[in-house]
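Since the structure comes first, as structure tokens, the remarks are kept for the end.
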Amino acid sequence: MDNASALPLSSWSAQLREQLRARPVIAIGLFVALAAVVLLLLQSLVMLAAGDISPGVRYGLIGGLAGFAATALGALPALFLRSVPQRVEDSMLGFAAGMMLAASAFSLLLPGLEAAEGITGNGFLAAAVVVVGMTLGVLLMLGLDQFTPHEHDKTGPCGPGHESCSRVWLFVFAIALHNLPEGMAIGVSFSQGDMSVGLPLTTAIALQDIPEGLAVALAMCAAGFRPGMAVLVAIGSGLLEPLGALLGVGLSSGMAIAYPIGLGLAAGAMLFVVSHEVIPETHRNGHQTHATLGLMAGFALMMTLDTALG
């Protein structure tokens, strides 16, 4: 390795160590969550390699691929669309946020509470189990947000070592922070082979991935990337959904208590993304009313899907 490449790496390492020392609680939570994520992914890959493909694994992988396909479909129009009105974009992102909020409530938290109460026999303990899962999900996303270099369209680059990364990779990391919890939610929802939980959630995530994929590709175009590169990066980011689905299946295929904890973790991660990233993004351009109406429409559609498909 030459000095030119070693310097950015050493700079990133120094900044990361400083961030870890400044936020020890978040750092510990991130370490625990990442260790669990690695183990869960290995578990799912071993199950696939051994041919132990349960209905949950098969449905989860199909659901993750559906999310990937929807992201790709949404990104393609950016090849010939240079922009859409900001009001329309904020409304689309608000719609996606509404679907994610409703999916977290109806397809993750409520089934998690029901499963936990069936295990513990106590409503308070059931809520505590799901809250533990939500806390893990928030710690995972908070840690990734704090310690991963990434860039957002409006707020610019952030995270340790962002100076050493190209803008393409910064955008890739930012998109990954959105898509990973969605894939995990799909995997967890299908982990027990229960179509009444997994189908409405996957349908909702796939539907909201279409405008989200377009918004991401257009944001990259607006930041100066060529349309072809913007579309490829947006499509590639969708691969995080089947990967996250494998994590979600692995998360909930162990002890019975892991299922409600996994549902809570996926819900916590999605709620963090919606509150920390998506909603603030829709309110930065003076179109709060349109974004809020979009959110309400997305919430109502997801509630309807959950009732009709669940």
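Please read all numbers here as calculations on a predicted model, not as lab measurements. This chain uses plain numbering: 1 for the first residue, then up along the sequence. Because only heavy atoms are used, hydrogens play no part in the values below, and waters and symmetry mates are left out as well, while side chains stay in.
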Please set out all donor-acceptor pairs under 3.5 angstrom arising from side-chain atoms of residues 112-138, sequence neighbours excluded.
unit_1: T120; atom_1: OG1; unit_2: A116; atom_2: O; d: 2.9
unit_1: T120; atom_1: OG1; unit_2: N122; atom_2: N; d: 3.3
unit_1: T120; atom_1: OG1; unit_2: N122; atom_2: O; d: 3.1
unit_1: N122; atom_1: OD1; unit_2: F124; atom_2: N; d: 2.8
unit_1: N122; atom_1: OD1; unit_2: L125; atom_2: N; d: 2.9
unit_1: T135; atom_1: OG1; unit_2: V131; atom_2: O; d: 2.8

**Request:** Indicate yes or no for a side-chain donor-acceptor contact from T203 to the backbone of L199 under 3.5 Å, with no hydrogens or angles considered.
**Result:** yes

**Complete:** d(L101 CG, M303 CE) to nearest 0.5 Å is 13.0 Å

**Asked** With a 4.5 Å heavy-atom cut-off, do E241 and I205 have their side chains touching?
**Response** yes

**Prompt:** Do V278 and V273 pass the side-chain contact (heavy atoms from CB on, under 4.5 Å) test, and can you show the C-alpha distance, the side-chain angles, and the key distance before you say yes or no?
**Reply:** CA-CA 7 Å; V278 182; V273 168; 4.1 Å; yes

**Complete:** Heavy atoms of S189 and G198 approach each other most closely as OG-CA, 3.4 Å

**Asked** Going from CD on Q208 to CZ on F95, what distance comes out if it is rounded to the nearest 0.5 angstrom?
**Response** 9.0 Å

**Point-to-point distance, once rounded to the nearest 0.5 Å, from CG of D306 to CE of M99** = 10.5 Å

**Request:** Check whether I62 and I210 end up in the same hydrophobic cluster, where Ile, Leu, Val, Met, Phe, Trp and Tyr are linked by side-chain heavy atoms less than 4.5 Å apart.
**Result:** no

**Prompt:** Do L108 and L201 have side-chain heavy atoms sitting under 4.5 Å apart?
**Reply:** yes

**Message:** Do L110 and V274 sit in one hydrophobic cluster, given that two such residues count as connected whenever their side-chain heavy atoms are within less than 4.5 Å of each other, even indirectly?
**Reply:** yes

**Message:** Measuring only between side-chain heavy atoms, which start at C-beta, is M302 closer than 4.5 Å to M100?
**Reply:** no

**Request:** Indicate if L73 and V231 have the same hydrophobic cluster label, given that clusters are the connected sets of ILVMFWY residues with side-chain heavy-atom separations under 4.5 angstrom.
**Result:** no

**Heavy-atom check, side chain of L295 versus side chain of I279, under 4.5 Å** = yes

**Item:** Main-chain N/O of S237 paired to N179 side chain as donor or acceptor, under 3.5 Å
**Value:** yes

**Prompt:** Between F190 and R58, is any pair of side-chain heavy atoms under 4.5 Å apart?
**Reply:** no

**Item:** F299 vs F106 side-chain heavy atoms within contact, under 4.5 Å
**Value:** yes

**Message:** Using every non-hydrogen atom in the two residues, find where A70 and A206 come nearest and quote the distance to one decimal.
**Reply:** CB-O, 3.1 Å

**Sub-4.5 Å side-chain heavy-atom contact between L293 and S91** = no

**Item:** Test side-chain contact (heavy atoms from CB on, under 4.5 Å) applied to R284 and D90, step by step
**Value:** CA-CA 9 Å; R284 286 192 178 107; D90 290 339; over 6 Å; no

**Prompt:** Quick one: CG on L207 to CG on L305, what's the gap to the nearest 0.5 Å?
**Reply:** 6.5 Å

**Request:** Quick one: pull up CD1 in I235 and CZ in F68 and give me the separation to the nearest 0.5 Å.
**Result:** 6.5 Å

**Request:** Check ring-ring contact (aromatic ring centres under 6.0 Å, His included) between H283 and all other residues, then give those that pass, not counting sequence neighbours.
**Result:** none

**Message:** On a heavy-atom basis, which atom in G60 and which in A245 lie closest, and how many Å separate them?
**Reply:** O-CB, 3.3 Å

**Prompt:** Which pair of non-hydrogen atoms, one from C221 and one from A78, has the smallest distance, and what is that distance?
**Reply:** SG-O, 4.4 Å

**Item:** Pairs flagged by side chain to side chain donor-acceptor pair (under 3.5 Å) wherever residues 222-235 is involved - sequence neighbours left out
**Value:** none

**Asked** Do you know which two heavy atoms are closest between P242 and G64, and how far apart they sit?
**Response** CD-O, 3.3 Å

**Asked** L271, L180: one ILVMFWY side-chain cluster at the under-4.5 Å cut-off?
**Response** yes

**Request:** Work out which heavy atom in A217 is nearest to a heavy atom in A75; give both atom names and the distance.
**Result:** CB-O, 4.1 Å

**Message:** With heavy-atom distances below 4.5 Å as the criterion, would you say the side chains of E89 and P211 are in contact?
**Reply:** no

**Item:** OG1 on T282 to CD on Q288, rounded to 0.5 Å
**Value:** 8.0 Å

